[in-house]
Visitor: 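The structure under discussion is supplied below as structure tokens; questions concerning it will follow.
Chain letters run A, B, ... following the sequence lines, proteins first and then strands; every chain starts at 1. A quick note: this is a predicted structure, and the numbers were derived from the prediction, not measured.
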2 protein chains.
Amino acid sequence: MSSEELGRRIDVTPEQIRKDLAGFGAFGKKGVGYHVTELLNNIGSILGLDRRWNIAIVGVGHLGWALANYRNFASMGFHLSALFDQNPAIVGQSINGVEVLSVADLERTIADRNIQIGVLAVPAGEAQPIADRLVAAGLHGIWNFAPVRIKVPESVQLVSEDLSVGLATLSYHLCRQGR
Amino acid sequence: MSSEELGRRIDVTPEQIRKDLAGFGAFGKKGVGYHVTELLNNIGSILGLDRRWNIAIVGVGHLGWALANYRNFASMGFHLSALFDQNPAIVGQSINGVEVLSVADLERTIADRNIQIGVLAVPAGEAQPIADRLVAAGLHGIWNFAPVRIKVPESVQLVSEDLSVGLATLSYHLCRQGR
DNA sequence: TCGTGTGAATCCTTTCACAGCC
DNA sequence: GGCTGTGAAAGGATTCACACGA
């Protein structure tokens, strides 16, 4: 498939596709284009999606529950290894064959199950304390869904999903449009 | 508060803060800084957060449920006006005082309640058909959480929350770091 | 012939530096 | 004296254009 066709499908210019890919290597064939399966493998390997990451979700409210059932995780090499909640009514239940543990077991379980990534699906007030515990337990990455800015050491990767950004974007463009 | 202090808090250079704000008007006082409450009001008004938006959530699975309970909506002027699901076991229940309606009532309710923004929290396969119905019903914006690329007319604002981007980002940086 | 990979040119954003107002 | 708003300089990113290999 050519960069032209790839670009059309995701609304990006062909030059952009070629430059971006060329930054990581020469994946195309001149006069032919890109071999799609090969390209997917290469991109997966660049992103580290060809290895296995063990993740834990902290906070099994509706959001945590939804994330635990997110099917795309597995296909990207993410393996749901543990679920934590502080609510005794939820602890002991199973989602997708994974039992919900008490947050008291956080540190021990992270070490035992070799968990590298923690997902924060807890209320805003709990986010920083839990993040601190995750970091102390030796995690390398945190995916934060709590609507607060949390702090972690430089050595820990932090990605925050801030839903208010999406809403503000929508609101702004609707206003521009005169709605 | 000075642009220096504002910048420190959100990890942005002071020049960036000043340039960005200046693009929309002169909100600061020379030698003094920015009046925080005033600034918040101005930014809110730029983003259109000072008016009221009526939103509807389609798909009341765990994700839809979590979104329906997201408290920050209200503070940004977003009013949850309707919930839709196709599952008869869920239709009729109430969340936050809003009753879950059948998707059959989609078009009528959107018109009746003057809904401008639709939130897609449905499975991937349902996203495009529902989006089409929302657009036909006269919505102006769609906030998509389904893990598919959907198409809407130019005149409709579309914001998609693609969770796989966050995960890939985390994975990539962890790899770079040699984890 | 076709389409990649890439220097060169263009465009846009960020940083610097400072005049001007509080 | 302090800090904004903003031209000018620097730095990046995108687009153009084409040599070269399949």
Visitor: Should Glu15(B) and Lys19(B) count as an ion pair when the cut-off is N to O under 4.0 Å?
Guide: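 Salt bridge flag = no for Lys19(B) with Glu15(B).
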
Visitor: If you pin Gly31(A) and Leu21(A) to their nearest nucleotides in DNA chain C, which one's is more 5'?
Guide: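 By nearest-heavy-atom nucleotide position, the 5'-most residue is Gly31(A).
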
Visitor: Parallel, tilted or perpendicular for Phe78(B) and Trp53(B), by the 30°/60° rule?
Guide: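 Plane angle under 30°, so parallel.
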
Visitor: Only one of Leu134(B), Leu83(B), Ile142(B), Val119(B) clears side-chain contact (heavy atoms from CB on, under 4.5 Å) with Val58(B); which?
Guide: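 Per the side-chain contact (heavy atoms from CB on, under 4.5 Å) rule, the option paired with Val58(B) is Leu134(B), out of Leu134(B), Leu83(B), Ile142(B), Val119(B).
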
Visitor: Do the side chain of Lys19(A) and the base of dT14(D) come within less than 3.5 angstrom through a donor-acceptor pair of N or O atoms?
Guide: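 No pair found.
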
Visitor: Over how many whole Å does the gap from Phe24(B) atom CZ to dT6(D) atom P extend?
Guide: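 Between P of dT6(D) and CZ of Phe24(B): 14 Å.
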
Visitor: Asp20(A) CG to dG12(D) C1': how many Å, rounded?
Guide: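 The distance from CG of Asp20(A) to C1' of dG12(D) comes to 13 Å, rounded to the nearest Å.
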
Visitor: Given atom CD of Glu4(B) and atom P of dT15(C), what is their separation to the nearest angstrom?
Guide: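 Checked: the CD to P distance equals 13 Å.
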
Visitor: Give the intermediate values and the outcome of side chain to side chain donor-acceptor pair (under 3.5 Å) for residues Asn42(B) and Glu38(B).
Guide: CA-CA 6 Å; Asn42(B) 281 319; Glu38(B) 231 172 67; 5.0 Å; no

Visitor: Expressed as a whole number of angstroms, how long is the span from Ile17(A):CD1 to dG3(C):C1'?
Guide: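 One finds 13 Å between C1' of dG3(C) and CD1 of Ile17(A), rounded.
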
Visitor: Respond yes when some side-chain nitrogen or oxygen of Ser2(A) is under 4.0 Å from OP1 or OP2 of dG3(C), and no when none is.
Guide: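 For Ser2(A), the contact criterion (side-chain N or O under 4.0 Å from OP1 or OP2 of dG3(C)) is not met.
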
Visitor: In terms of side-chain heavy atoms, does Arg113(A) have a donor or acceptor partner in Ser81(A) at a distance below 3.5 Å?
Guide: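 Looking only at side-chain atoms, Ser81(A) and Arg113(A) do not form any donor-acceptor pair under 3.5 Å.
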
Visitor: With sugar-phosphate meaning primed atoms plus P, OP1 and OP2, does Gln16(B) contact a base, only sugar-phosphate, or nothing at under 4.0 Å between heavy atoms?
Guide: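 The residue Gln16(B) makes sugar-phosphate contact but no base contact.
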
Visitor: Round to a whole Å and report the spacing from CD of Glu15(A) to P of dT10(C).
Guide: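 In whole Å, dT10(C) P lies 16 Å from Glu15(A) CD.
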
Visitor: Taking only the side-chain heavy atoms of Lys30(B) (C-beta and beyond), determine which of dA17(C), dT4(D), dG5(C) contains the nearest atom.
Guide: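 Nucleotide nearest to Lys30(B)'s side chain: dT4(D).
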
Visitor: Does Ser3(B) place a side-chain N or O at less than 4.0 Å from the phosphate oxygens OP1/OP2 of dC3(D)?
Guide: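 So the side-chain polar atoms of Ser3(B) never come under 4.0 Å of the phosphate oxygens OP1 or OP2 of dC3(D).
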
Visitor: May I ask you to verify if any side-chain N or O of Tyr34(A) is less than 4.0 angstrom from the OP1 or OP2 atom of dC2(C)?
Guide: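 Negative; the distance criterion is not met.
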
Visitor: In whole angstroms, how far is the C1' atom of dC2(C) from the CE atom of Met1(A)?
Guide: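 Taking CE of Met1(A) and C1' of dC2(C), I get 16 Å after rounding.
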
Visitor: dT4(D) P sits how many Å from Glu38(B) CD, rounded?
Guide: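 Glu38(B) atom CD is separated from dT4(D) atom P by 14 Å.
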
Visitor: Rounded to whole angstrom units, what separation is found between the CG atom of Leu6(A) and the C1' atom of dG3(C)?
Guide: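 Between C1' of dG3(C) and CG of Leu6(A): 12 Å.
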
Visitor: Has Arg18(A) got a side-chain N or O lying under 4.0 Å from the OP1 or OP2 atom of dG5(C)?
Guide: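 For dG5(C), OP1/OP2 do not have a side-chain N/O of Arg18(A) under 4.0 Å.
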
